[in-house]
Amino acid sequence: MSFARWVAIYGPTYVTGLGWTAFIALWAAVGTIVWGCVLLLIRLSAARWPARAVDAYVQLFRNTPVLLPIYVIYFGFPLIGLQWPAVVCGGVALILQNGAYVSEILRGSLKAIDRVQFDAAKSIGLTPWNAFRKVVLPQVLVYSIPSLGNQVVLLLKDTSLLSAISVTELTMQAKLLTEQTGAAYESFIVVALLYLLLVSGTEVAFRATHRAVRWQ
């Protein structure tokens, strides 16, 4: 069977997998950035123990494989009565893992901001929270866009690991087609091309965003 005929016959299967991959990557990426911001705020709080807890959390998730939290949530949560769909378990695991990296990215960008801006914000009557929200956080996010783009690309590729818990994203669809047809090369070549398309689109989107919002 020619490659073009293969794509014509099994195209709908790949479209389904592509849709699930894009959907998971999108909501997990948004959740990851929000969770990373929350971790950063906890780290910046005056409370000592919450900040230390976040430091321990970041070290734990940065030094363990992504597949570990996927398995822990998918197989462990039902034991405590939380019967979540596999796609939710996988997405939450990706958010928890990548949020640790995002918090470090944001903290590095925060250090690049001149402390004089905090004093200037206070001098015009802004509270510490409003100074952070209106003056500092927007700059942190702008400075972080290139690194956040890289992290989202990694998250996008990590969605392939959700095939381990039977989420029917691209990699799982390719596995199923291989089992049905015995044709491994065609199945995974198409998947590789689709991942390349998704990653390239993500990189273009983040570059365009960075050009649009960066300060000259």
Side-chain angles (χ1 to χ4, degrees), residues 1-36 60-102 148-208:
M1 183 185 299
S2 68
F3 185 72
R5 181 169 173 76
W6 172 273
V7 174
I9 293 174
Y10 297 108
T13 301
Y14 287 111
V15 170
T16 300
L18 181 64
W20 275 110
T21 296
F23 170 73
I24 296 167
L26 180 60
W27 76 265
V30 173
T32 292
I33 294 172
V34 172
W35 181 231
L60 173 65
F61 279 92
R62 288 180 65 193
N63 294 288
T64 52
V66 185
L67 203 54
L68 184 60
I70 293 174
Y71 281 149
V72 168
I73 293 175
Y74 182 71
F75 293 109
F77 276 27
L79 300 178
I80 58 175
L82 296 177
Q83 298 287 343
W84 291 354
V87 65
V88 175
C89 293
V92 170
L94 292 177
I95 290 172
L96 294 177
Q97 184 87 13
N98 288 275
Y101 289 94
V102 168
L148 289 177
N150 291 335
Q151 195 61 43
V152 170
V153 166
L154 293 175
L155 184 152
L156 173 60
K157 293 189 290 185
D158 284 345
T159 59
S160 63
L161 297 175
L162 303 192
S163 62
I165 55 174
S166 302
V167 176
T168 53
E169 43 69 62
L170 279 172
T171 304
M172 186 63 182
Q173 295 287 16
K175 287 182 179 180
L176 294 175
L177 284 178
T178 299
E179 293 172 359
Q180 293 170 11
T181 65
Y185 289 110
E186 293 89 341
S187 299
F188 287 101
I189 286 174
V190 174
V191 168
L193 293 174
L194 290 174
Y195 272 116
L196 181 61
L197 178 65
L198 285 173
V199 168
S200 299
T202 301
E203 290 177 340
V204 168
F206 272 91
R207 287 172 186 166

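From a predicted model like this one, the values you see are computed outputs, not experimental measurements. Residues: numbered from 1 along the sequence shown.
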Where do Thr32 and Gly99 come nearest, in terms of heavy atoms and distance?
CG2-N, 3.6 Å
What distance do Gln97 atom CD and Leu161 atom CG have between them, rounded to the nearest 0.5 Å?
10.0 Å
Nearest non-hydrogen partners of Ser187 and Ala174, listed with the distance
CB-O, 3.7 Å
If you measure from CG on Asn98 to CH2 on Trp35, what distance do you get to the nearest 0.5 Å?
13.5 Å
What's the spacing between Leu96 CG and Leu60 CG if we round to 0.5 Å?
10.0 Å
Approximate separation, where rounding is to 0.5 Å, of Leu94 CG and Ile73 CD1
9.0 Å
Smallest separation among heavy atoms of Gly36 and Val102, with atom names:
CA-CG1, 3.9 Å
To check you understand the geometry: which heavy-atom pair defines the closest contact between Gly17 and Gln173, and what is its length?
CA-CG, 3.8 Å
Trace of the side-chain contact (heavy atoms from CB on, under 4.5 Å) decision for Lys175 with Thr178
CA-CA 5 Å; Lys175 287 182 179 180; Thr178 299; 5.7 Å; no
Determine, stepwise, if the pair Leu198 / Leu170 fulfils side-chain contact (heavy atoms from CB on, under 4.5 Å).
CA-CA 11 Å; Leu198 285 173; Leu170 279 172; 4.2 Å; yes
Which residues pass the ring-ring contact (aromatic ring centres under 6.0 Å, His included) test with Phe61, sequence neighbours left out?
Tyr57
Looking at every non-hydrogen atom in both residues, tell me the closest pair between Ala28 and Ile95 and how far apart they are.
O-CG1, 3.5 Å
Before you tell me yes or no, could you show the steps for Tyr14 and Leu177 under side-chain contact (heavy atoms from CB on, under 4.5 Å), namely the whole-Å CA-CA distance, both residues' side-chain angles and the distance that decides it to 0.1 Å?
CA-CA 10 Å; Tyr14 287 111; Leu177 284 178; 3.6 Å; yes
Between CE of Met172 and OG1 of Thr21, what distance do you get to the nearest 0.5 Å?
12.0 Å
Could you check Leu194 against Val190 for side-chain contact (heavy atoms from CB on, under 4.5 Å), going step by step and ending with a plain yes or no?
CA-CA 6 Å; Leu194 290 174; Val190 174; 4.1 Å; yes
Would you call the rings of Trp20 and Phe23 parallel, tilted or perpendicular, taking 30° and 60° as the class edges?
perpendicular
Is there side-chain contact between Trp84 and Val92, with heavy atoms separated by less than 4.5 Å?
yes
From Leu176 CG over to Thr181 OG1, what is the distance, rounded to the nearest 0.5 angstrom?
10.5 Å
For the backbone of Leu197 and the side chain of Ser200, can you confirm whether one donor and one acceptor N or O come within less than 3.5 Å of each other?
no
What pair of heavy atoms forms the shortest contact from Val87 to Trp27, and how long is it?
O-CZ2, 3.9 Å
If we count only N and O atoms by modelled type, under 3.5 Å, do the side chains of Thr171 and Tyr195 hold a donor and an acceptor together?
yes
